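Contents: one structure, followed by commentary.
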Amino acid sequence: MKPTWKRVSILAALFSAGVLTGTAVAKRQPLMHDALRDLQVARGTLEAATPDKGGHRVKAIELTDAAIAEVKAGIEFDNHH
């Protein structure tokens, strides 16, 4: 099926709107996105640490995972309200 100019224009407009919306949303919450990145780095560092910490490293990883989930939920909530 050969694309028509109308279809191409509609798809281009939808794509542009989606990209612009995504960019605007990301810029609305720069500190939340910074926190998310920092938590993800922290989790990677905890994973790389030696495991002989009496269970505290594992607990820290679990709590960091919970914090990552909460930050993501906060970003998602703000994006829809």
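Note that the numbering runs from 1 along the sequence shown for the chain. These numbers were taken from a predicted model, which means no experiment stands behind them.
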Q. Which heavy-atom pair separates V71 from L39 by the least distance, and what is that distance?
A. CG2-CD1, 3.8 Å

Q | Distance (rounded to the nearest 0.5 Å) between L36 CG and L31 CG | A | 12.5 Å

Q | Close side-chain approach of R57 to E47, heavy-atom, < 4.5 Å | A | yes

Q | Residue pair D78 / R28: nearest heavy atoms and the distance that separates them | A | O-NH2, 2.8 Å

Q: Measure the NE2-CG distance between H33 and D38 for me, rounded to the nearest 0.5 Å.
A: 13.0 Å

Q.
Can you give me the closest heavy-atom contact between K72 and Q40, atom names plus distance?
A. CE-NE2, 4.2 Å

Q. Between the side chain of R43 and the main-chain N/O of I68, is any donor-acceptor distance below 3.5 Å?
A. no

Q.
Using side-chain heavy atoms (C-beta onward) and a distance below 4.5 Å, is D34 in contact with R37?
A. yes

Q. Could you state the interatomic distance from CD (E76) to CD (Q29), rounded to the nearest 0.5 Å?
A. 9.5 Å

